[in-house]
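The structure appears right after this line, and notes come after that.
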2 protein chains.
Amino acid sequence: MRKKVLLVEDELRIREVVADYFKKDGWEVHETDNGSSAIDWFDAIYPDLVILDIMMPKMDGFAVTKEVRAKSGVPIILLTAKSSDDDKIHGFDLGADDYVTKPFSPKVLVARANSLMKRATEHYLPNGHMLSFGHAVVNTKSRQLELDKQQVELTPKEYDLLLLLLQHKNNVLSRETILNHVWGIDFEGDNRVVDTHIKKLRAKLGDESHHIRTVIGTGYKFE
Amino acid sequence: MRKKVLLVEDELRIREVVADYFKKDGWEVHETDNGSSAIDWFDAIYPDLVILDIMMPKMDGFAVTKEVRAKSGVPIILLTAKSSDDDKIHGFDLGADDYVTKPFSPKVLVARANSLMKRATEHYLPNGHMLSFGHAVVNTKSRQLELDKQQVELTPKEYDLLLLLLQHKNNVLSRETILNHVWGIDFEGDNRVVDTHIKKLRAKLGDESHHIRTVIGTGYKFE
DNA sequence: GCTCATATGTCCTTCATGTGTCCAAATAAG
DNA sequence: CTTATTTGGACACATGAAGGACATATGAGC
């Protein structure tokens, strides 16, 4: 299930660049150029994330935030040219979750969106939410893996990697994508680190390692 | 047993945002938009914490504080747009425990609520409530640890830390989280104080120290 | 207020473990 | 069969935690 972002921004070229980056990162992107149609879109598609420009004709970002918050707790990121603290407080008071000040790098915006989504999912995970496959159970609260009733210790990278794969069951994830999510966009090293960690994860998964499939030329898939 | 907060605030958008943050933090949230129904709610649910807007139609926050204080010593936080000292004194006089001035960050409000609750629970803990693990017993009344029938003296920080870990058995707690709960959100120092106190606690726990597990890159866990 | 004992916080060194790179062998694709 | 890609092993390097030593803060008793 792809994550949906609703992008509300009146400047066409900014919107296009941002949309591009989100698409590359695997998001389903819905775009609009003004606040009032944003509300209609919101009701129609129920996005996982909303990105709002503050300065817009008709209905500004603050007003949209207010309307959206009346309906839902969806993560909201505000784009602003103003960087004064007053604006920040104004926005946070209305319930925006993050701010990005123009000019910004689309890459950074995508990264922030992802970390926001991650936090949101982590927060809403009920006590010791379990993800399971075969004879294995992953406890997201204690960051542990249980294999046939045996506790298996995972290193941070191994755990993050496994979780990412589980959250995208049956989707092929490119090394690029995995790198962006588990290592962060700043990581400068070799793509092939992913291979190494997949290898270690497989070793720890033992009998259940067959769930991690190699998709040659592309990446990895959990199934 | 989840903590209950009664949230009394007439502005819908603020109420929703705040309610959201409290829910994310694991609270059971009861909401109402005016002072007189707040009293009814109070009698019905007996919350662990009350958050009151001062400016409300019919019955303002001060009046509600007075009524609630007549019945109970429950912690009360007042939300106010006015920040003059007069208001503060007026409120404290009636028995509010803390003030938060609008506009505020919901995050900070939740943090303050937690620190208030912590203080309150320490005061109101039932007589000699015991927590045990292995051969150890913690007496929350006397703040003492008994190990194999031997009394072990714990310093305040050691005790608070142990209690926090015990209360979140099997959950990994980040240094950040531990800091916020044991040291308070104001603490400015190094994250690594936590390590030092874990070390001291382990030393005092002796044979039972294996219950405190290090989760590398993340924090500590009691199991 | 002063002194002492204890609690708390910081720093630094050591050590263990986690992480990333490289290369040869194995496997899949064309 | 040839080439591209992944795997697995070995190794070097980076990071984070433990442990010890020490400086400072706090609080009780005088």
Side-chain angles (χ1 to χ4, degrees), chain A residues 143-145 151-165 172-206 208-223, chain B residues 122 143-145 151-165 172-223:
Chain A
R143 297 175 65 93
Q144 278 180 326
L145 171 66
Q151 287 299 331
V152 176
E153 296 297 329
L154 294 180
T155 69
K157 283 275 181 295
E158 285 162 4
Y159 174 82
D160 290 343
L161 179 57
L162 176 58
L163 203 66
L164 181 71
L165 290 167
V172 182
L173 299 173
S174 69
R175 293 187 175 73
E176 196 60 34
T177 304
I178 294 174
L179 232 42
N180 284 340
H181 284 79
V182 178
W183 276 258
I185 51 163
D186 308 324
F187 183 76
E188 300 268 300
D190 193 339
N191 253 349
R192 296 301 160 145
V193 235
V194 176
D195 299 36
T196 296
H197 286 265
I198 289 281
K199 167 180 65 187
K200 298 198 167 156
L201 193 50
R202 278 176 171 153
K204 290 199 180 169
L205 286 176
E208 302 292 349
S209 67
H210 62 275
H211 288 280
I212 301 177
R213 300 284 297 263
T214 305
V215 181
I216 218 163
T218 314
Y220 295 93
K221 176 174 67 163
F222 194 95
E223 55 179 30
Chain B
E122 276 167 3
R143 297 174 62 92
Q144 277 178 325
L145 171 67
Q151 285 300 328
V152 176
E153 295 299 326
L154 294 180
T155 69
K157 282 276 183 295
E158 284 161 6
Y159 173 83
D160 289 344
L161 179 56
L162 177 58
L163 202 66
L164 181 71
L165 290 166
V172 181
L173 300 174
S174 69
R175 294 187 174 73
E176 197 61 33
T177 304
I178 294 173
L179 232 42
N180 284 340
H181 284 79
V182 178
W183 276 259
I185 52 165
D186 308 324
F187 183 77
E188 301 269 299
D190 193 339
N191 254 350
R192 297 301 162 143
V193 233
V194 177
D195 299 36
T196 296
H197 287 264
I198 288 281
K199 168 180 64 186
K200 298 195 168 158
L201 193 51
R202 278 176 172 153
K204 290 199 180 169
L205 286 177
D207 291 345
E208 302 291 350
S209 68
H210 63 274
H211 288 282
I212 301 178
R213 298 282 301 264
T214 304
V215 181
I216 227 169
T218 313
Y220 295 94
K221 175 175 67 164
F222 195 96
E223 56 178 31

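Letters A, B, ... are given to chains in the order of the sequence lines, protein chains preceding strands, and every chain is numbered from 1.
- Asn191(A) places its CG atom 18 Å from the P atom of dT19(C), with the value rounded to the nearest Å.
- The nearest heavy atom of DNA chain C to Thr155(B) and to Thr196(A) marks one nucleotide each, and the one closer to the 5' end goes with Thr155(B).
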Item to complete: Show your reasoning for whether side-chain contact (heavy atoms from CB on, under 4.5 Å) applies to Lys204(A) and Arg202(A).
Response: CA-CA 5 Å; Lys204(A) 290 199 180 169; Arg202(A) 278 176 171 153; over 6 Å; no
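- Here the NZ-CG distance, from Lys200(A) to Leu154(A), works out to 13.0 Å after rounding to the nearest 0.5 Å.
- As rounded to whole Å, 19 Å separates atom P of dT6(C) from atom NZ of Lys157(B).
- The side-chain hydrogen bond (donor to acceptor under 3.5 Å, both in side chains) test with Arg175(B) is passed by exactly one of Thr218(B), Asn191(B), Asp195(B): Asp195(B).
- Checking each of Leu201(A), Thr214(A), Leu173(A), Val215(A) against Tyr220(A) for a side-chain contact (heavy atoms from CB on, under 4.5 Å) leaves exactly one that passes, namely Thr214(A).
- Atom-to-atom, NE2 of His197(A) to C1' of dC22(C) comes out at 14 Å; the value is rounded to the nearest Å.
- Protein atom CZ of Arg175(A) is 15 Å distant from nucleotide atom C1' of dG20(C), rounded to whole Å.
- Atom CG in Leu165(B) sits 11.0 Å away from atom CG in Asp160(B) (nearest 0.5 Å).
- Counting to the nearest Å, the P atom of dG9(C) and the CD1 atom of Ile198(B) are 14 Å from each other.
- Nearest approach of Glu223(A) to His211(A), heavy atoms of both residues: O-ND1, 2.6 Å.
- Of the side-chain N and O atoms in Trp183(A), one or more sit less than 4.0 angstrom from OP1 or OP2 of dG20(C).
- The CG-P distance, from Asp195(A) to dC22(C), rounds to 14 Å in whole Å.
- Protein chain A touches strand DNA chain D; the 5'-most and 3'-most nucleotides with an atom under 4.0 angstrom of its non-hydrogen atoms are dT5(D) to dG9(D).
- Residues Lys199(A) and Gly217(A) both approach DNA chain D. Their nearest nucleotides, taken by heavy-atom distance, put Gly217(A) toward the 5′ side.
- Lys200(B) places its NZ atom 7 Å from the C1' atom of dA7(C), with the value rounded to the nearest Å.
- One atom, CD1 of Ile216(B), and another, C1' of dA16(C), lie 7 Å apart when rounded to the nearest Å.
- In the set dG20(C), dT21(C), dG9(C), dT21(C) carries the atom at the smallest distance from any side-chain atom of Asp190(A).
- Between the CG atom of Leu145(A) and the CG atom of Leu162(A) there is a distance of 6.5 Å, given to the nearest 0.5 Å.
- Heavy atoms of Phe187(A) sit under 4.0 angstrom from primed sugar atoms or phosphate atoms, though from no base atom.
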